[in-house]
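Below you'll find the structure, written out as C-alpha coordinates, and then a few comments.
Residue numbers begin at 1 in each chain, while the letters A, B, ... track the order of the sequences. Side chains included, hydrogens not; waters and symmetry mates left out as well; all remaining heavy atoms used.
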Protein chains: 2
Amino acid sequence: MPSTKRPPSADRIVFGSRLRAERHRRGLTLEDVAALADMNWSYIAGLERGERNVSIDNMSALAGALGMPLWELLRPN
Amino acid sequence: MPSTKRPPSADRIVFGSRLRAERHRRGLTLEDVAALADMNWSYIAGLERGERNVSIDNMSALAGALGMPLWELLRPN
DNA sequence: GTGTGACTTCTAGTCCGTA
DNA sequence: ATACGGACTAGAAGTCACA
(Lines give C-alpha, C1' and ligand atoms only; values in the text may rest on other atoms or scores of the structure.)
Protein backbone atom coordinates (compact mmCIF):
# COMPACT_ATOMS: atom_id res chain seq x y z
CA MET A 1 0.00 0.00 0.00
CA PRO A 2 2.61 2.25 0.41
CA SER A 3 2.90 4.66 -2.18
CA THR A 4 3.56 3.76 -5.74
CA LYS A 5 4.83 7.27 -5.97
CA ARG A 6 7.64 8.05 -8.28
CA PRO A 7 11.09 8.54 -6.78
CA PRO A 8 13.07 11.69 -7.45
CA SER A 9 14.33 11.74 -11.02
CA ALA A 10 17.98 11.63 -11.99
CA ASP A 11 17.36 14.84 -13.93
CA ARG A 12 16.53 16.60 -10.70
CA ILE A 13 19.99 15.81 -9.41
CA VAL A 14 21.59 16.82 -12.69
CA PHE A 15 19.81 20.13 -12.63
CA GLY A 16 20.81 20.84 -9.05
CA SER A 17 24.46 20.01 -9.44
CA ARG A 18 24.81 21.81 -12.75
CA LEU A 19 23.06 24.84 -11.31
CA ARG A 20 25.58 24.95 -8.51
CA ALA A 21 28.52 24.34 -10.81
CA GLU A 22 27.53 27.09 -13.23
CA ARG A 23 26.85 29.48 -10.38
CA HIS A 24 30.29 28.88 -8.95
CA ARG A 25 31.89 29.13 -12.38
CA ARG A 26 30.52 32.68 -12.52
CA GLY A 27 31.63 33.50 -8.97
CA LEU A 28 28.06 34.14 -7.88
CA THR A 29 26.58 33.56 -4.43
CA LEU A 30 23.16 32.09 -3.78
CA GLU A 31 22.06 35.58 -2.86
CA ASP A 32 23.30 36.94 -6.17
CA VAL A 33 21.38 34.37 -8.18
CA ALA A 34 18.33 34.81 -5.99
CA ALA A 35 18.34 38.53 -6.78
CA LEU A 36 18.79 37.91 -10.50
CA ALA A 37 16.04 35.31 -10.65
CA ASP A 38 13.80 37.11 -8.17
CA MET A 39 13.68 34.17 -5.77
CA ASN A 40 14.52 33.28 -2.18
CA TRP A 41 18.11 32.11 -1.82
CA SER A 42 17.26 29.32 0.60
CA TYR A 43 14.82 27.96 -1.92
CA ILE A 44 17.53 27.85 -4.58
CA ALA A 45 19.83 26.14 -2.07
CA GLY A 46 17.28 23.35 -1.80
CA LEU A 47 17.14 23.06 -5.57
CA GLU A 48 20.90 22.75 -5.81
CA ARG A 49 20.74 19.90 -3.35
CA GLY A 50 18.10 18.18 -5.46
CA GLU A 51 15.62 18.26 -2.61
CA ARG A 52 12.79 19.90 -4.48
CA ASN A 53 10.82 18.99 -7.54
CA VAL A 54 11.27 22.30 -9.36
CA SER A 55 8.88 23.55 -12.03
CA ILE A 56 9.86 24.47 -15.59
CA ASP A 57 9.12 28.17 -15.07
CA ASN A 58 11.48 28.38 -12.13
CA MET A 59 14.14 26.37 -13.96
CA SER A 60 13.78 28.74 -16.88
CA ALA A 61 14.19 31.80 -14.67
CA LEU A 62 17.33 30.33 -13.10
CA ALA A 63 18.83 29.44 -16.46
CA GLY A 64 18.11 33.00 -17.53
CA ALA A 65 19.84 34.35 -14.43
CA LEU A 66 22.93 32.40 -15.43
CA GLY A 67 22.65 33.56 -19.02
CA MET A 68 22.26 30.14 -20.55
CA PRO A 69 19.49 28.16 -22.20
CA LEU A 70 17.63 25.72 -20.01
CA TRP A 71 18.35 22.69 -22.16
CA GLU A 72 22.05 23.34 -21.78
CA LEU A 73 21.74 23.57 -18.03
CA LEU A 74 20.08 20.16 -18.03
CA ARG A 75 22.63 18.47 -20.18
CA PRO A 76 25.04 16.44 -18.05
CA ASN A 77 28.69 17.19 -18.63
CA MET B 1 -1.82 46.39 -7.69
CA PRO B 2 -1.12 44.12 -10.30
CA SER B 3 0.54 40.94 -9.62
CA THR B 4 4.27 40.80 -9.72
CA LYS B 5 3.86 37.21 -10.73
CA ARG B 6 6.09 35.74 -13.37
CA PRO B 7 4.53 35.02 -16.75
CA PRO B 8 4.71 31.56 -18.30
CA SER B 9 8.20 30.86 -19.58
CA ALA B 10 9.05 30.39 -23.24
CA ASP B 11 10.58 27.05 -22.23
CA ARG B 12 7.16 25.84 -21.22
CA ILE B 13 5.94 26.34 -24.77
CA VAL B 14 9.04 24.69 -26.21
CA PHE B 15 8.54 21.69 -23.98
CA GLY B 16 4.90 21.33 -24.91
CA SER B 17 5.33 21.56 -28.62
CA ARG B 18 8.38 19.33 -28.71
CA LEU B 19 6.58 16.79 -26.55
CA ARG B 20 3.72 16.66 -29.00
CA ALA B 21 6.02 16.53 -32.02
CA GLU B 22 8.09 13.66 -30.63
CA ARG B 23 4.99 11.77 -29.58
CA HIS B 24 3.56 12.04 -33.08
CA ARG B 25 6.86 11.10 -34.64
CA ARG B 26 6.59 7.82 -32.74
CA GLY B 27 2.95 7.29 -33.65
CA LEU B 28 1.90 7.33 -30.01
CA THR B 29 -1.40 8.55 -28.59
CA LEU B 30 -1.78 10.61 -25.45
CA GLU B 31 -3.09 7.47 -23.80
CA ASP B 32 -0.01 5.53 -24.85
CA VAL B 33 2.33 8.09 -23.38
CA ALA B 34 0.20 8.41 -20.27
CA ALA B 35 0.49 4.66 -19.68
CA LEU B 36 4.24 4.72 -20.29
CA ALA B 37 4.81 7.67 -17.99
CA ASP B 38 2.21 6.62 -15.46
CA MET B 39 0.20 9.83 -15.72
CA ASN B 40 -3.21 11.09 -16.64
CA TRP B 41 -3.56 11.60 -20.42
CA SER B 42 -5.71 14.72 -20.09
CA TYR B 43 -3.03 16.31 -17.97
CA ILE B 44 -0.41 15.58 -20.64
CA ALA B 45 -2.73 17.16 -23.20
CA GLY B 46 -2.62 20.35 -21.15
CA LEU B 47 1.17 20.20 -21.03
CA GLU B 48 1.40 19.89 -24.79
CA ARG B 49 -0.68 23.05 -25.05
CA GLY B 50 1.70 24.85 -22.68
CA GLU B 51 -1.05 25.42 -20.16
CA ARG B 52 0.72 23.93 -17.16
CA ASN B 53 3.87 24.65 -15.20
CA VAL B 54 5.20 21.10 -15.18
CA SER B 55 7.71 19.80 -12.62
CA ILE B 56 11.10 18.33 -13.49
CA ASP B 57 10.20 14.83 -12.29
CA ASN B 58 7.20 14.69 -14.59
CA MET B 59 9.19 16.10 -17.49
CA SER B 60 11.81 13.47 -16.84
CA ALA B 61 9.21 10.69 -16.83
CA LEU B 62 7.76 11.95 -20.12
CA ALA B 63 11.17 12.16 -21.74
CA GLY B 64 11.79 8.62 -20.56
CA ALA B 65 8.50 7.47 -22.05
CA LEU B 66 9.67 8.83 -25.39
CA GLY B 67 13.09 7.24 -24.96
CA MET B 68 15.06 10.45 -25.04
CA PRO B 69 17.01 12.57 -22.57
CA LEU B 70 15.20 15.52 -21.07
CA TRP B 71 17.71 18.10 -22.19
CA GLU B 72 17.15 17.03 -25.77
CA LEU B 73 13.40 17.35 -25.41
CA LEU B 74 13.89 20.91 -24.20
CA ARG B 75 16.19 21.94 -27.00
CA PRO B 76 14.33 23.94 -29.63
CA ASN B 77 14.76 22.63 -33.13
C1' DG C 1 27.25 33.08 2.67
C1' DT C 2 25.16 28.63 3.29
C1' DG C 3 22.47 24.17 5.24
C1' DT C 4 18.40 22.78 6.90
C1' DG C 5 13.68 21.98 9.03
C1' DA C 6 9.29 23.66 9.71
C1' DC C 7 5.71 26.04 8.15
C1' DT C 8 1.64 28.24 5.19
C1' DT C 9 -0.13 29.39 0.66
C1' DC C 10 -1.23 28.23 -3.79
C1' DT C 11 -1.16 25.41 -7.84
C1' DA C 12 0.26 21.18 -10.02
C1' DG C 13 -1.71 17.01 -10.88
C1' DT C 14 -5.82 13.62 -10.53
C1' DC C 15 -10.14 12.16 -11.76
C1' DC C 16 -14.60 12.67 -13.45
C1' DG C 17 -17.81 14.31 -16.76
C1' DT C 18 -19.31 16.08 -21.43
C1' DA C 19 -18.55 16.67 -26.17
C1' DA D 1 -8.45 9.61 -29.61
C1' DT D 2 -8.58 14.52 -28.03
C1' DA D 3 -10.42 18.97 -25.84
C1' DC D 4 -12.03 21.09 -22.04
C1' DG D 5 -14.31 22.06 -17.66
C1' DG D 6 -15.31 21.25 -12.49
C1' DA D 7 -13.95 19.64 -8.10
C1' DC D 8 -10.82 17.75 -5.39
C1' DT D 9 -5.99 16.54 -3.05
C1' DA D 10 -1.01 16.08 -3.27
C1' DG D 11 2.70 18.55 -3.34
C1' DA D 12 5.47 22.75 -5.18
C1' DA D 13 6.20 27.59 -4.05
C1' DG D 14 7.76 30.61 -1.08
C1' DT D 15 9.36 32.26 3.69
C1' DC D 16 11.83 32.22 8.15
C1' DA D 17 14.80 31.11 12.10
C1' DC D 18 18.74 29.26 13.63
C1' DA D 19 22.92 26.77 13.19
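Within the nucleic acid shown, A:R49 comes within 4.0 Å of at least one base atom, counting heavy atoms only. When heavy atoms are screened at a 4.0 angstrom cut-off, A:R12 is found touching no nucleic acid atom at all. Among the protein residues, A:N53 comes within range of the sugar-phosphate backbone only, with heavy atoms under 4.0 Å from sugar or phosphate atoms but none that close to a base.
The CZ atom of A:R20 sits 8 Å away from the P atom of C:dT2 (whole-angstrom rounding). Atom P of nucleotide D:dT2 and atom CG of B:L19 are separated by 12 Å, given to the nearest angstrom. For A:E31 and C:dT2, the CD to P distance is 7 Å, given to the nearest whole Å. Per the geometry, CD belonging to B:E51 stands 15 Å off P belonging to D:dT2, to the nearest Å. Between the CD atom of B:E48 and the P atom of D:dC4 there is a distance of 12 Å, given to the nearest Å. Between the CD1 atom of B:I56 and the P atom of C:dA12 there is a distance of 16 Å, given to the nearest Å. Here C:dG1 presents its P atom at 12 Å from CG of A:L28, a figure rounded to the nearest Å. Across the protein-nucleic acid pair, A:N40 atom CG and D:dA12 atom C1' stand 14 Å apart, rounded to whole Å.
Of all nucleotides listed (D:dT15, C:dT14, D:dG14), D:dT15 comes nearest to the side chain of A:S42. Side-chain proximity of A:R23 to the nucleotides D:dA3, D:dA1, C:dT2 is greatest for C:dT2.
In this structure, B:R18 contributes its side chain and B:R75 its backbone to a donor-acceptor pair below 3.5 Å. A distance-only check finds a donor-acceptor pair linking the side chain of B:R23 to the backbone of B:L28 [under 3.5 Å]. In this structure, the side chain of B:S60 does not engage the main chain of B:I56 through any donor-acceptor pair within 3.5 Å.
Residue side chain A:Y43 fails the stacking definition with respect to D:dT15, as its ring centre and the base's six-membered ring centre are not both under 5.5 angstrom apart and under 30 degrees in plane angle.
Classification of B:R12 and A:D57 as a salt-bridged pair holds, one side-chain N sitting under 4.0 Å from a carboxylate O.
Looking only at side-chain heavy atoms (C-beta outward), A:L47 and A:L62 come within less than 4.5 Å of each other.
Comparing B:W41 and B:D57 along DNA chain D, the residue whose closest nucleotide (by nearest heavy atom) sits nearer the 5' end is B:W41. Two residues, B:R52 and B:S55, neighbour DNA chain D, and the one matched to the more 5' nucleotide by heavy-atom proximity is B:R52.
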